[in-house]
Amino acid sequence: MSETLQARIDTLRRMTTAELKAEWVRVFGEPPRSGNVAWMRKRLIHRVQVEVLGDLSPEAKARLEYLMQFAPGWIPMGKRSLPNVLAPPATEKPQVPDARVPRPGSVITRAYQRRTIAVTVRDHGFEFDGTIYPSLTAVAKTVTGSHWNGNLFFGLTRRRKSA
């Protein structure tokens, strides 16, 4: 590894969270979607390596394109709709709906901090305050500001008792 590359990597490793965020904005032109220091460092170090050493070969990129057709099973739900290569194969079985969730058109309600939260079940998500969310967990996080299991928050499942 060249000395300049190693020096740039060492500089990134010594940066504080605020410095990493500023560097992220400078390099990527937008704020990071996560404040996780390890994730930001890893992505910024990779970018430096690409600048100095070059990107993947055309053969490697072609292989990745081929492998992406098998990816829908392990790519997070929010990322699946990005490029067309992430579309599920035609032979994929349709997903069985969660038996705990009422049919589309139903309204799920819950009292929370002196207000009633009403969520309408849609074919492809949950509508709350005019916005469609991919899951009840996302709705619960919007309402409370912290992570909740959506089914538990809306009373569709019970908390398991620990042994």
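Just so it is clear, the structure is predicted and the values come from calculations on it, not from any experiment. FYI, the numbering just counts along the sequence from 1.
Neither Ile132 nor Val119 shares a network with the other; the hydrophobic side chains, linked directly or stepwise wherever heavy atoms of I, L, V, M, F, W or Y lie under 4.5 Å apart, form separate groups for each. Hydrophobic clustering keeps Leu5 apart from Val50 (ILVMFWY residues linked when any side-chain heavy atoms are closer than 4.5 Å, directly or through intermediates). Taken together through direct or relayed side-chain contacts under 4.5 Å among Ile, Leu, Val, Met, Phe, Trp and Tyr, Leu136 and Leu152 form parts of separate hydrophobic clusters. When hydrophobic clusters are built by joining Ile, Leu, Val, Met, Phe, Trp and Tyr residues whose side-chain heavy atoms come closer than 4.5 Å, directly or via intermediates, Val27 is not grouped with Val25. Leu44 is connected to Leu53 through a chain of hydrophobic side-chain contacts under 4.5 Å among Ile, Leu, Val, Met, Phe, Trp and Tyr, so both are in one cluster.
By the side-chain contact (heavy atoms from CB on, under 4.5 Å) test, Ser146 is found to be paired with Thr144, Trp148, residues two or more places apart in sequence or in another chain being considered. Remark: Glu19 pairs with no residue by the salt bridge (Lys or Arg N to Asp or Glu O under 4.0 Å) rule, at least two apart or across chains. Under the side-chain contact (heavy atoms from CB on, under 4.5 Å) criterion, Ser57 pairs with Glu59, Ala60, not counting sequence neighbours. Not counting sequence neighbours, Arg103 has no partner by the salt bridge (Lys or Arg N to Asp or Glu O under 4.0 Å) test. Not counting sequence neighbours, the partners of Lys21 by the side-chain contact (heavy atoms from CB on, under 4.5 Å) test are Thr17, Pro32, Met40. Annotation: side chain to side chain donor-acceptor pair (under 3.5 Å) contacts of Arg122 (sequence neighbours excluded): Glu127. Applying the side chain to side chain donor-acceptor pair (under 3.5 Å) test to Arg26 and every residue at least two apart in sequence or in another chain returns Glu23. With sequence neighbours excluded, the residues forming a side-chain contact (heavy atoms from CB on, under 4.5 Å) with Lys61 are Asp55, Leu56, listed by chain and number. Residues forming a salt bridge (Lys or Arg N to Asp or Glu O under 4.0 Å) with Arg43 (at least two apart in sequence, or on another chain): none. Applying the salt bridge (Lys or Arg N to Asp or Glu O under 4.0 Å) test to Asp123 and every residue at least two apart in sequence or in another chain returns nothing. For Thr4, the side chain to side chain donor-acceptor pair (under 3.5 Å) partners are Ser2, not counting sequence neighbours.
Evaluation of the side-chain hydrogen bond (donor to acceptor under 3.5 Å, both in side chains) test over residues 131-140, restricted to residues two or more places apart or in two chains, returns none.
The closest side-chain heavy-atom distance from Thr120 to Phe128 is not below 4.5 Å. You'll find the side chain of Ile108 reaches within 4.5 Å of the side chain of Pro102, heavy atoms only. Here the side chains of Thr109 and Ile117 are not in contact, with every heavy-atom distance at 4.5 Å or above. Side-chain contact between Thr116 and Arg110 is absent, with no heavy-atom pair separated by less than 4.5 Å. Counting heavy atoms from C-beta outward, Trp39 and Arg33 have side chains that approach closer than 4.5 Å.
Considering all non-hydrogen atoms of both residues, Ala140 and Gly150 come closest at CB-CA, 4.5 Å. The minimum heavy-atom distance between Val121 and Val101, with the atom names listed, is CG1-CG1, 4.1 Å. Contact detail for Ala38 and Asn36: the closest heavy-atom pair is N-OD1, 3.0 Å. Shown here for Glu51 and Arg8, the closest heavy-atom pair between the two residues is OE1-NH2, 2.7 Å.
Side-chain N or O atoms of Thr11 include one that pairs as donor or acceptor with a backbone N or O of Ala7 at under 3.5 Å. Of the possible donor and acceptor atoms, one in the side chain of Arg41 sits under 3.5 Å from a partner among the backbone N and O of Met15.
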Quiz item: Would Val139 and Phe154 satisfy side chain to side chain contact (heavy atoms under 4.5 Å, CB included), going step by step from the backbone distance to the final call?
Solution: CA-CA 10 Å; Val139 175; Phe154 286 99; 3.8 Å; yes
Quiz prompt | Verdict with reasoning, Ile9 to Gln49, per side chain to side chain contact (heavy atoms under 4.5 Å, CB included) | solution = CA-CA 9 Å; Ile9 290 172; Gln49 289 172 331; 4.2 Å; yes
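Atom CZ of Phe126 is separated from atom OG1 of Thr142 by 13.0 Å, given to the nearest 0.5 angstrom.
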